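Residue numbers begin at 1 in each chain, while the letters A, B, ... track the order of the sequences. Predicted model only: the values in this text are computed from it and were never measured.
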Protein chains: 2
Amino acid sequence: MATIAVENYLKHVLLLAEEGDELVPMGALAESLEVVPGTVTTMIKALADEGLVDHLPRQGVRLTAAGRRMALNVLRKHRLVETFLVNVLKMDWSRVHGEAEQLEHAISDEVLDRLDALLGHPTVDPHGDPIPSRHGKLSSQVYATLATCVTGRSLRIVRVTEQSEEFLRFAEENGLQPGTAVKVTDRNLTAGLVTLRKGSARPIALSVSAAGKILVEPEK
Amino acid sequence: MATIAVENYLKHVLLLAEEGDELVPMGALAESLEVVPGTVTTMIKALADEGLVDHLPRQGVRLTAAGRRMALNVLRKHRLVETFLVNVLKMDWSRVHGEAEQLEHAISDEVLDRLDALLGHPTVDPHGDPIPSRHGKLSSQVYATLATCVTGRSLRIVRVTEQSEEFLRFAEENGLQPGTAVKVTDRNLTAGLVTLRKGSARPIALSVSAAGKILVEPEK
DNA sequence: GCATTTATTTTGACTAATCAAAATAACTCT
DNA sequence: AGAGTTATTTTGATTAGTCAAAATAAATGC
Ligand SMILES: [Mn+2]
Ligand SMILES: [Mn+2]
Ligand SMILES: [Mn+2]
Ligand SMILES: [Mn+2]
């Protein structure tokens, strides 16, 4: 039986590998899990013995098929729970990440399936993060960001890739949520500033780094 | 921060004390928590140091006010989660106990409040178990059981005090759930048998010990 | 190419929770 | 009251997960 710690390690390896089977450096994993590097080395060696990851000493770690399957199941729980908390319990999208961090380890596969049905089999969570399918398929579509997209064209926000409460609250206050139509009116890389406009409302200014967290697609 | 183990210990002390502040023997706690007695002694001494229980060596254990508050909060989560699983996710009442055993440790007080509102502030769970109020009030009404009630009178089932899947499935198959009207037609204590009737349907025979798990009130 | 910096691993220690088995205290029965 | 039984506590180990700090390997800079 996977413990909570094991589930968290696997999920973080999955997220840090950012689609594809790149090696995740131990330091990145330690940072992401908020533990010291030595702890990660110890734990990863144990997970490697269980056949859940491949550990290339001094290089990094990568999920095995078995590890990936478990990680995707945890991620599916996380994102479906977030969707439930926002859509059904009407919680603020900036607060659900921490809740889901706990609940993802407490929900059985049966409850997961019923939640999925209750929610109408959503494919993305409230932040636009893709929800892995029941059979382990995870959409890996690549989107432009407000820092990299074309300017002047009408775009639709599809995802906000940042879970911090502050950022999400800020985005919400400015109506920058999945589904919103926006247009980048100006981008000054020297100043590190992106200016955009929602419909005919007053323009919004964003740092390039903040803009990079907001993914968009061309409005059809 | 209370760990999962601490929450479980406190909840089991609460349930075993059966309303009132009787001392719970260490052996009963060990049995109920499915750990060996020595483990309970160790853990209870730690909880006593934290001020969550009073430990009278060689006699037993009892919750302090602080411990009772925490235990009631866990129990409230447990029973509201069960209610959610049955009423919203339509799970079978015989399967929700195990799920709630995990979820009770993973949901925050905020989610708890929202679940409570979503469910319409229920006062009992699907088994008829009373749900502690938000402010720590737990109904301790005493009911007759099918093994002790008057015979011949029309009664209403209010609670089934047994969480085993087998028993709950059996009760469900015979329509013996909270809300159902029944009448004890015969009780033979020598044979250990109770016979009852639901409306005009065929009679149902129960052992006295099974009948003792089903609580009833006079039909008004 | 060697010295320095950085990342990773190792070592030793700690905490929470548990068990097995021995020790002890408290009942029970005659 | 003493013997035997039962419940509880103690003692010594074990496992999972963690940190601090020392050791080592790899990469970088000049
Ligand atoms: Mn988590
Ligand atoms: Mn999300
Ligand atoms: Mn529990
Ligand atoms: Mn119940």
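- A/Met26 places its CE atom 19 Å from the P atom of D/dT24, with the value rounded to the nearest Å.
- Nearest nucleotide to the A/Lys45 side chain, out of C/dA20, C/dT10, D/dT9: C/dT10.
- Screening A/Glu82, A/Arg79, A/Gln163, A/Arg159 against A/His127 for a side-chain hydrogen bond (donor to acceptor under 3.5 Å, both in side chains) leaves a single residue, A/Glu82.
- A heavy-atom distance below 4.5 Å is found between the side chains of A/Leu138 and A/Pro130.
- Of the candidate nucleotides C/dA17, D/dT8, C/dT8, D/dT8 has the atom lying nearest to any side-chain atom of B/Pro37.
- The phosphate of C/dC19 (OP1 or OP2) has a side-chain N or O of B/Thr39 nearer than 4.0 angstrom.
- Going from atom CE of A/Met43 over to atom P of D/dT18 covers 6 Å, rounded to whole Å.
- Rounded to an integer number of Å, the gap from CG of B/Leu33 to P of C/dT18 is 8 Å.
- The phosphate of D/dT9 (OP1 or OP2) has a side-chain N or O of B/His55 nearer than 4.0 angstrom.
- Comparing atom distances between the B/Thr3 side chain and each of C/dC19, C/dT8, C/dA17 picks out C/dA17 as nearest.
- The NE2 atom of B/His105 sits 18 Å away from the P atom of C/dA16 (whole-angstrom rounding).
- Under the 3.5 Å distance criterion, the side-chain polar atoms of A/Arg62 are left unmatched by any main-chain donor or acceptor of A/Leu23.
- If you take CD1 of A/Ile44 and C1' of D/dT18, they are 14 Å apart, rounded to a whole angstrom.
- Comparing A/Thr42 and B/Thr42, the nucleotide of DNA chain D nearest to each residue sits closer to the 5' end for B/Thr42.
- Counting distance only, with no hydrogens placed and no angle test, the side-chain atoms of A/Arg58 and the base atoms of C/dT9 include no donor-acceptor pair under 3.5 Å.
- Contacts of A/Gly38 with the nucleic acid, taken as non-hydrogen atoms under 4.0 Å apart, include base atoms.
- Salt bridge annotation for A/Glu110-B/Arg95: present, with a cationic side-chain nitrogen under 4.0 angstrom from a carboxylate oxygen.
- For D/dT8, the OP1/OP2 oxygens have no side-chain nitrogen or oxygen of B/Thr41 closer than 4.0 Å.
- Contact between the side-chain N/O atoms of A/Tyr9 and the OP1/OP2 oxygens of D/dT18 is found at a separation under 4.0 Å.
- Screening A/His105, A/Lys11, A/Glu7 for a side chain to side chain contact (heavy atoms under 4.5 Å, CB included) involving A/His78 leaves a single residue, A/Lys11.
- One interatomic measurement links the two molecules: CG of B/Leu29 to P of D/dT8, which rounds to 10 Å at whole-angstrom precision.
- Comparing C/dA17, D/dA20, D/dG17 by their closest approach to the side chain of B/Val6 singles out C/dA17.
- Between the CG atom of B/Asp49 and the C1' atom of C/dA16 there is a distance of 14 Å, rounded to whole Å.
- Whole-Å rounding puts the B/Asn8 CG to C/dA16 P distance at 17 Å.
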